[in-house]
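As structure tokens, the structure follows; a few thoughts come after it.
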Amino acid sequence: MKIGLFFGSFNPIHTGHLILAQSALNMTDLDRVWFVVSPQNPFKKKKNLLSEYDRYTMVEMAVRDNDQFLASNIEFSLPKPSYTIDTLTYLADRYRSYEFSLIMGQDNLTHLHKWKNYEAILKYYRIFVYPRGGEEAHELLEHENVTLFEAPLLDISATFIRQTIQNGNSVRYLVPEVVNEYIEGQGIYR
Ligand code: ATP
């Protein structure tokens, strides 16, 4: 089974994330996408970052009706701050028969050389990249483990969603209906 890991703070998860994940399944040989929710970094308490529990709950609700999507809170119990290479190593060891790879925007690929043990990531894991941020071609796109795939990108971000709510407006259709109901019910981001 080939699993693509899509990391994010998902504060909150939105339709852009979901369209992207579905495109990854459509355009690559991946069988599943796991949405890996980033934990709170205890050293960087970010204003506006909702609790791990709420962010994970919303991801779980958003992906529940799709057999090929899974919400993962695996990083909550790993040492913090979490480094992608450590999470990959942990998962590869725990799920021996699965093949893990990364899904990331081209904007992130540009910064990959700053990640912990990025050479090991590139050597042992495939990376599926989607165009984002209008970047120029990047040399890493030539790497044998890096594959570019096309995806329709919705120009929305979690920041925009939080601002919309703060302004007293609706985020219906920007997030799945169940997530919208959760946000309204819990009164979050107001
Ligand atoms: P924020 O606005 O709070 O920074 P975000 O919407 O960018 O949040 P993250 O949870 O940080 O969301 O995103 C997880 C991953 O999804 C990141 O790699 C990010 O680049 C990507 N992503 C975010 N929004 C979109 C979108 N509209 N289309 C495709 N990918 C997206």
Side-chain angles (χ1 to χ4, degrees), residues 3-28 30 33-41 44-63 66 69-76 81-85 87-88 100-115 118 121 125-135 138 140-141 146-167 169 171-176 179-180 182-183 188-190:
I3 318 272
L5 301 174
F6 188 28
F7 288 85
S9 48
F10 302 113
N11 184 35
I13 187 167
H14 54 68
T15 311
H17 296 134
L18 293 162
I19 290 177
L20 189 276
Q22 183 60 49
S23 302
L25 289 177
N26 294 349
M27 305 303 284
T28 71
L30 289 172
V33 174
W34 288 9
F35 294 73
V36 184
V37 183
S38 314
Q40 282 273 7
N41 181 334
K44 280 198 225 166
K45 274 257 149 60
K46 259 194 161 172
K47 222 177 89 212
N48 294 329
L49 184 62
L50 219 61
S51 76
E52 296 173 348
Y53 173 80
D54 280 322
R55 291 182 290 115
Y56 171 74
T57 300
M58 289 189 282
V59 174
E60 209 280 316
M61 292 171 125
V63 305
N66 189 327
F69 288 170
L70 187 81
S72 171
N73 57 8
I74 197 81
E75 287 196 337
F76 294 2
S82 29
Y83 294 103
T84 303
I85 184 64
T87 306
L88 283 165
F100 291 98
S101 31
L102 298 177
I103 301 171
M104 67 173 72
Q106 203 178 323
D107 50 338
N108 275 332
L109 190 69
T110 324
H111 302 290
L112 190 71
H113 64 281
K114 296 180 211 152
W115 292 21
Y118 84 96
I121 297 179
Y125 301 92
R126 290 193 300 163
I127 304 181
F128 294 99
V129 176
Y130 56 96
R132 189 157 195 256
E135 285 77 17
H138 189 271
L140 278 180
L141 288 172
V146 176
T147 306
L148 189 67
F149 70 96
E150 287 302 322
L153 294 185
L154 224 56
D155 189 15
I156 59 177
S157 64
T159 305
F160 175 73
I161 287 168
R162 294 194 302 275
Q163 278 165 0
T164 304
I165 297 168
Q166 244 151 37
N167 294 336
N169 291 320
V171 294
R172 198 169 175 200
Y173 311 119
L174 293 176
V175 299
V179 172
N180 190 35
Y182 185 82
I183 290 174
I188 47 191
Y189 300 124
R190 284 213 198 119

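Whatever order the structure lists ligands and atoms in, that order sets their numbers, starting from 1. Just so you know, residue 1 is the first one in the sequence shown, and it goes up from there.
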### Minimum heavy-atom distance Y189-I165, with the two atoms named
O-CG2, 3.7 Å

### Task
Report yes or no: does a heavy atom of M104 sit under 4.0 Å from some atom of ligand 1?
no

#### Entry: Which atom of P176 lies closest to which atom of T15, heavy atoms considered
N-OG1, 4.3 Å

#### Entry: Protein residue, atom and distance nearest to atom 5 (P) of ligand 1, heavy-atom basis
A158 N, 3.8 Å

#### Entry: atom 10 (O) of ligand 1: nearest protein contact (heavy atom, Å)
F10 N, 2.8 Å

### Task
Output yes when the distance from some N or O of ligand 1 to some N or O of S9 is under 3.5 Å, and no in every other case.
yes

### Task
Could you grab the distance from atom CG of D54 to atom CD1 of I188, nearest 0.5 Å is fine?
5.0 Å

### Task
Specify the closest pair of heavy atoms between V63 and A71, including all atoms of both residues, with the distance to one decimal.
CG2-N, 3.8 Å

### Message
Would you compute the distance between atom CG of L5 and atom OG1 of T87 and round it to the nearest 0.5 angstrom?
### Response
8.5 Å

### Query
Among R190, R162, M58, which residue meets the side chain to side chain contact (heavy atoms under 4.5 Å, CB included) test with I183?
M58

#### Entry: N11-ligand 1 polar pair, N/O distance under 3.5 Å
no

### Nearest non-hydrogen protein atom, atom 21 (C) of ligand 1
Y130 OH, 3.2 Å

### Task
Would you check whether I156 has a nitrogen or oxygen atom less than 3.5 angstrom from a nitrogen or oxygen atom of ligand 1?
yes

### Query
After noting the C-alpha distance and the side-chain angles of Y53 and N73, does the key distance pass the side-chain hydrogen bond (donor to acceptor under 3.5 Å, both in side chains) rule?
CA-CA 9 Å; Y53 173 80; N73 57 8; over 6 Å; no

### Task
Under 4.0 Å from a heavy atom of G8: give me the atoms of ligand 1 that qualify, with their elements.
10 (O), 14 (C)

### Query
What protein heavy atom sits nearest atom 2 (O) of ligand 1, and how far away is it?
T159 OG1, 2.5 Å

### Task
Can you pull out the closest protein heavy atom to atom 9 (P) of ligand 1? Residue, atom name and distance to 0.1 Å, please.
H17 NE2, 3.7 Å

### Message
At less than 4.0 angstrom from any non-hydrogen atom of F6, what atoms of ligand 1 do you find?
### Response
15 (C), 16 (O)

### Query
Can you tell me which residue and heavy atom of the protein come closest to atom 18 (O) of ligand 1, and the distance to 0.1 Å?
N108 ND2, 3.4 Å

### Query
To the nearest 0.5 Å, how far apart are CD in Q106 and CG in L112?
12.5 Å

### ligand 1 contacted by F160 (non-hydrogen, < 4.0 Å)
no

### Query
Can you find a non-hydrogen atom of G105 under 4.0 Å from ligand 1?
no

### Query
Considering residues, nucleotides and ligands other than F149, do more than 12 of their heavy atoms fall under 6.0 Å from its CZ?
yes

### Task
Run the numbers for me: atoms of ligand 1, each under 4.0 Å from some heavy atom of R162, listed by number.
3 (O)

### Task
Distance to 0.1 Å, residue and atom name: give those for the protein heavy atom nearest to atom 17 (C) of ligand 1.
F7 O, 4.2 Å

### Query
Which atoms from ligand 1 have a heavy atom of L153 less than 4.0 Å away?
28 (N), 29 (C)

#### Entry: Ligand-side contact atoms (ligand 1) for residue partner G16, heavy atom cut-off under 4.0 Å
27 (N), 28 (N)

### Query
Out of curiosity, W34 CH2 to I3 CD1, how far, rounded to the nearest 0.5 Å?
4.5 Å

### Heavy-atom closest contact (G16 atom, I156 atom, distance)
N-CD1, 3.8 Å

### Closest protein heavy atom (residue, atom, distance) for atom 19 (C) of ligand 1
R132 NH1, 3.6 Å

### Query
Is the ring centre of F35 less than 6.0 Å from the ring centre of H17?
no

